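The sequence lines fix the lettering, A, B, ..., with proteins before strands; numbering per chain opens at 1. Keep in mind it's a predicted model, so treat the numbers as computed, not measured.
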2 protein chains.
Amino acid sequence: MAKDNKKEPLPPDEPELDRRKTSILGTVVYEYIATGEPVGSATLTQKYNLGVSPATVRAEMAALEDEGYLDQPHTSAGRVPSDRGYRYYVDRLIQPEVIGVEERELIRTEIHRARTQLDSAVDHASHVLSNLTRNIAFAVVPRLDNQTYRHLQLIWVNPHRVHVVLVTDLGIAAQTTIDTSSEVDPDQLTRACNNLNAQLAGRSLHDIDVRLLEELTRETPLPADLVHALAGLFTMRDKAEVERRLFAGGANNLLDQQEFRDFRTLRAILELLEEQQTLYRWLQESLQHEGATVSIGHELGSADMNECSVVTIPYKVGDRNAGALGVLGPRRMQYARLLSLVGHVADSLSALFQNEPQP
Amino acid sequence: MAKDNKKEPLPPDEPELDRRKTSILGTVVYEYIATGEPVGSATLTQKYNLGVSPATVRAEMAALEDEGYLDQPHTSAGRVPSDRGYRYYVDRLIQPEVIGVEERELIRTEIHRARTQLDSAVDHASHVLSNLTRNIAFAVVPRLDNQTYRHLQLIWVNPHRVHVVLVTDLGIAAQTTIDTSSEVDPDQLTRACNNLNAQLAGRSLHDIDVRLLEELTRETPLPADLVHALAGLFTMRDKAEVERRLFAGGANNLLDQQEFRDFRTLRAILELLEEQQTLYRWLQESLQHEGATVSIGHELGSADMNECSVVTIPYKVGDRNAGALGVLGPRRMQYARLLSLVGHVADSLSALFQNEPQP
DNA sequence: TTTTAGCAGTCAACACATGAGAGTGCTAAT
DNA sequence: ATTAGCACTCTCATGTGTTGACTGCTAAAA
C-alpha cells in the first residue's frame, strides 16, 4: 500500500536522541515548516507546552546545533533545521497526515477522467499532485515490462517507412516511426503483423526480445532492421522516446515559496525541468524501493538544490513497480502531507492500472 | 516565404515622423535593445554619428516623448521606447537580420532529425527556436484539415472500448480511445476499418464529416457514438486533445533577462506556460495572417505582460496555413533577429511537411 | 529661425549611521 | 538540573548625506 515509508538509507551511525531533545527537535521542525521563520526558545515555550523554561530549551538547542541537527542563520536568530534535522524528523518523528475525503476524491476522479489514454492518466496524476501540493510534480509512464501484449499495428507509409503502434492491456503504450533500408511490401507487412498478433497476444512484454521476433517472423519475413527496431521498441531502449513520456508541471507554484526568491535556485530548477534527465533518474531510482523515498537538501547532490527536497514514490502495474512520480519543493516542505499525498496518488494510479483489463 | 512581415494592424492614424525624429527614435530603440539601459542624449551623440549636438537630441526626444514614442522612467533618466515606439520601429524601421549559415543549418538538421514523428518535429522546432533566441518558444502541431487520409486503425480493446490511430501523409496525426455505450464486435470493427481505408485513402481530411462516415459505414455498421467520436477526431473538435499537442519550452532562459527579475511578471509567464490556453489562442490568431505577427507590451492585453512581446508565425501544409509557432520574450527583444529566426523555422517546417509524401 | 553651450535642478542609487527588536549564551540563584 | 536575569550580538528597517547621470531651460551663436 505504499504506506510503509522507506526513505533514503539512514546514516549507519545515526544515534537516537533522548526524549526531550527529540521533542524539541520535532517542535522546531514543525514550527519552522509552518512559519518559515527561524524559531527561538521563547516562541517555542509559548506556543507549545514543553514544560520547561526558555533557558533550558536554549541549552538543548545549543546541544542539538553542536550535534548537527539544527542551524543558526546568525548569532541572534532562532534555530532552523539542518538537513540532518529534517532527516531525523522524516525518519523517526513524522506521523502520516490524513488526507481529506474531498482531496482523495479529487485525485481519484482526476486520474480516472483521463483513463482512456495511458499518457493522459499519468499526466493528470502529475497535474493533480502539483495542484494539491502547490509544488512541482513529475511522473513517468509505466515501463513496458509488466504490460501484456495486446495488439501491434504496423502501418505501411511508404516503401521505406513504417509506423508502429503498440497496444497493451493498459492502452497505447508506445509508438514510433521506423525507417528501413530495404523496401517493405505492404501485403507482406500486413501478413507479418497478423502473424505476430496471433502469436503474441496475451504474452508479457517482458518475454519478447529480438530472438523471439526473428523466430516468429521466419515465415512472414521482415527487413532485419525493422525487426531490430521493433525489439528496441519493446525493450524501450530508445532513449529519446522515453524522455517524451515524462510529465512535469507546476513551476508557477515555485514563486509562492519564499526560498525561491533566489534566482540561482530558481534557474537551477527551471533548467532541471527543461532537461528532464535528472527528474527521470530520480524516478528510476525510486523504482528500486518500495514506498516513498525522501531526499533532502544536499542529498540531491547539487549545490543549487540545497534548499530543495524531493519525494518520489513508485506505482505498480501487476505486482511490480512500473512507473514512479514525485514532488519537488522547498526543503521546508510539509513532509507529512506530501508523503500521504504522493502515496495516495501512487495508489490510485496502481489501482487504475490493475483494473484496466476489465472495462 | 513568410518574409513579408505583416504585423499587428497599424493604428489607423499613425503619422510618419520626419527624418531626424525617425533616426533618433530608431537609434534609441536600437541602443536600448542592445544595452537595456535608458539612453541619454550624450550617449546617443557619442556612439552614433547623428550630426547634431546633445541639446538638439534632447529637444527631439522631448518631442518624441510628447507624441508617445518614448518614455522616461524618471526625470533624470534617459529615454526608453514606449509600446508605440517599438511598434513604429517594428513596422517601419526594422531591417531583417541575416541568419548565419550555421544557425540555418542547425535549424534544418534539428527539425529533420525528428522528422519521423510529427509531434517530435514540432517539438524540436520549438526547442531549437528557444535555444537560438534564448527566450520561450512554443509551437502547435498542424491542423488536420490540409492533411490527406492515409490509414485509419481501429483497435478493439474490449467490447466497450476502441483505440483509434489516424495516419495521414504527415505521419501519426491523431489518436484517442473511444468508449462506446453499445457493444462492438471485433470482426465487425475490422471490416468497417478496412472498408473506410479503402474508401478514404488519399482523400483530404477536410472533406470528411459525420455524414460521409455514416454513409460509408452503412454496409459495415458501427455504433453511432463511435462514428460520432471518429468524426470529432477528424475535425479535431476534442479540445483536450488539442492542448496536448502544444509544445512550449525555454522558461529557464527567462532569468537571463533583467526585466524578469520582477516576480509578478515571472509568475504571470509561468502560469501562462502552465495553462497553455493563451499560447494556443495566439497561435490560432497567427493562422489568420500571412507572415509574422508581432504583439508588443499592452497589445498582449494583460497588465502582467506589459514588459513582454510575442512574435508568432504560421507554417504551411500544402498551400494553407496549418500550424504556427512563436516566441515570447521581453519587450526589449531583438525583433530583427527574432523575426528572421521564426521565419526561418517556419519555412523549414513548411518545407518538411511539403516533402514528406516522398521518402 | 535653428542649433548649441552652459548651467541649475531633479532623481535614483549607493553608502553609511542609527535604533529597535529578537534571540542568544552565560552566570548566579533556586 | 533548572531557571531568571542580563549583557551581548546581529539583522532589519529607517533615515541621511553624497554622487552621478540626465534633463529642461535660457541665452548666445550660426
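The closest side-chain donor-acceptor pair between A:Glu274 and B:Asn253, if any, does not fall under 3.5 angstrom.
Rounded to whole angstrom, the span from the CD atom of B:Glu37 across to the P atom of C:dA12 amounts to 15 Å. Taking atom CG of residue A:Asp71 and atom P of nucleotide C:dG23, one finds them 17 Å apart after rounding to whole Å. Atom CG of A:Leu64 is separated from atom C1' of C:dG23 by 17 Å (rounded to the nearest Å). Atom C1' of nucleotide C:dT24 and atom CG of A:Leu70 are separated by 14 Å, given to the nearest angstrom.
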Tabulate atom names and distances for all N/O pairs under 3.5 angstrom spanning the protein and nucleotides 21-25 of chain D.
unit_1	atom_1	unit_2	atom_2	d
D:dC22	O4'	B:Ser76	O	3.2
D:dT23	OP1	B:Ser41	N	3.2
D:dT23	OP2	B:Ser41	N	3.3
D:dT23	OP2	B:Ser41	OG	2.7
D:dG24	OP1	B:Arg79	NH2	2.6
D:dG24	N7	B:Arg58	NE	3.1
D:dG24	O6	B:Arg58	NH2	3.2

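Checking B:His74 against B:Arg20, the closest nucleotide of DNA chain C that is more toward the 5' end is the one next to B:Arg20.
Salt-bridge annotation for B:Arg84 and B:Glu67: absent, with no side-chain N of the basic residue lying under 4.0 Å from a carboxylate O of the acidic one. Using a cut-off of 4.0 Å between Lys/Arg side-chain N and Asp/Glu carboxylate O, B:Glu259 and B:Arg331 are scored as not salt-bridged.
Taking the side chain as every heavy atom from C-beta outward, B:Tyr86 and B:Tyr335 approach each other to under 4.5 Å. Side-chain contact check for B:Leu64 versus B:Leu17: some heavy-atom pair is nearer than 4.5 Å.
Five base pairs at each end of the helix from C:dT1-D:dA30 to C:dT30-D:dA1 define two local axes, and these are offset by 20° (rounded to 10°).
Residues of residues 22-35 of chain B that place a heavy atom closer than 4.0 Å to DNA chain C do not occur.
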